[in-house]
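One structure is given here, and the rest of the page talks about it.
We're numbering straight along the sequence, starting at 1. Worth saying up front: this structure is predicted, and the values here are computed from it rather than measured.
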Amino acid sequence: MAGGQIEADRLQQSAKDPENHKDCNEEEEVEKSYKENSAGNAQAAVENLMSNMDFLQRESDLIYIIPKGHVKGMNVPARFYASPELLKLVSNEFQTATGGFTGAVQQLANVATLPGIVGSSIGMPDIHSGYGFAVGNVAAFDLADPKAVVSPGGVGFDINCGVRLLRSDLTEEDVKPLKSKLADNLFDQVPVGVGG
C-alpha cells in the first residue's frame, strides 16, 4: 500500500506539470488501478476481521449488524458504522477485552437488552469502549413503555472528562466578589462541548 501511495503522490505532482499532460490516459489508468487495488485490500481486510467476530453481519460497505440473540435478552439488533480502519480497531478492542473491560461491540449488544429500547442500539463512527454504553452509542427508548429506562451511561456521566480538579488555598470569601468574572474566564479558557 505504501508503494501505491507513492504512486498516487507522483501522479498528483505530474498532473501539475504541463509537459506530462500528453500521458494523461496512461496516468489515469495507473491511478484507477491503484484505487481498485486499495479497495481490494480493504475488502480482504474487512473479511478477515469479520471472521474474528463471526456473529457480525455486514449490511453495506460501512454498516455492520449484531443480530438479536448475540447477547441473551436483546430486544433489538445493534448496528454500527465503520470504515475498514475503524472496523480493525473495533475488532482489536473486542478480541483484547479482559477482566471487567468490555469492548464497544459487546457494549452495543448489551445496550440492546435494555427495557423499552426501540429500533437498534447504534454505534456512531467514533465508537469505542465506554462505561456500560460505548462512547458513540446511541439508543432511543419508548416513553410510553412503563419499563423503559434512562441510563446515565447513555446520557454521559463523564462530560468534560479529562478536565482536572485544581486545589487552591482561596476561600469562598476570597472568590465570592470575583465569582462572575472567574466563571467567565473559566468558560473562556476551559474547553467544553459547545464549540469551545
Is there a chain of hydrophobic side chains (I, L, V, M, F, W, Y, each step under 4.5 Å between heavy atoms) that links [X] to [Y]?
| X | Y | answer |
| --- | --- | --- |
| Ile63 | Val138 | yes |
| Val105 | Met74 | yes |
| Val111 | Val76 | yes |
| Phe133 | Met124 | no |
| Leu108 | Phe55 | yes |

Q. Between Ser121 and Asn137, does any side-chain donor sit less than 3.5 Å from a side-chain acceptor?
A.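 Looking only at side-chain atoms, Asn137 and Ser121 do form a donor-acceptor pair, the distance falling under 3.5 Å.
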
Review point. Between Thr113 and Asn110, does any side-chain donor sit less than 3.5 Å from a side-chain acceptor?
Key: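 Not at all, the side chains of Thr113 and Asn110 share no donor-acceptor pair under 3.5 Å.
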
How far apart are the closest heavy atoms of [X] and [Y], and which atoms are they?
| X | Y | value |
| --- | --- | --- |
| Ala78 | Ala109 | CB-N, 4.2 Å |
| Asp174 | Leu178 | O-CD1, 4.2 Å |
| Ala139 | Ile117 | CB-CD1, 3.8 Å |
| Arg79 | Ser120 | NH1-OG, 2.8 Å |
| Pro77 | Gly119 | CD-O, 3.8 Å |

Kindly compute the distance separating [atom1] ([X]) from [atom2] ([Y]), expressed to the nearest 0.5 Å.
| X | Y | atom1 | atom2 | result |
| --- | --- | --- | --- | --- |
| Leu56 | Tyr64 | CG | OH | 7.5 Å |
| Leu62 | Leu87 | CG | CG | 10.0 Å |
| Ile66 | Gln57 | CD1 | CD | 10.0 Å |
| His70 | Asp54 | NE2 | CG | 9.0 Å |

Steps toward side chain to side chain contact (heavy atoms under 4.5 Å, CB included) verdict (Leu86, Phe80): CA-CA 11 Å; Leu86 179 58; Phe80 67 97; 5.9 Å; no

Does atom CG of Leu170 have more than 12 heavy-atom neighbours, drawn from other residues, nucleotides or ligands, at distances under 6.0 Å?
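Atom CG in Leu170 is crowded, with more than 12 foreign heavy atoms closer than 6.0 Å.
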
field: Side chain proximity check, Ile127 to Val135, heavy atoms < 4.5 angstrom
entry: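 In short, these two side chains do not touch, never coming nearer than 4.5 Å.
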
Can a donor-acceptor pair be found, under 3.5 Å and without considering hydrogens, that links the side chain of [X] to the backbone of [Y]?
| X | Y | answer |
| --- | --- | --- |
| Asp145 | Pro115 | no |
| Gln106 | Phe94 | no |
| Glu59 | Ile65 | no |

Q: Assess whether side chain to side chain contact (heavy atoms under 4.5 Å, CB included) is satisfied between Phe141 and Val149, documenting all intermediate values.
A: CA-CA 7 Å; Phe141 296 87; Val149 298; 4.0 Å; yes

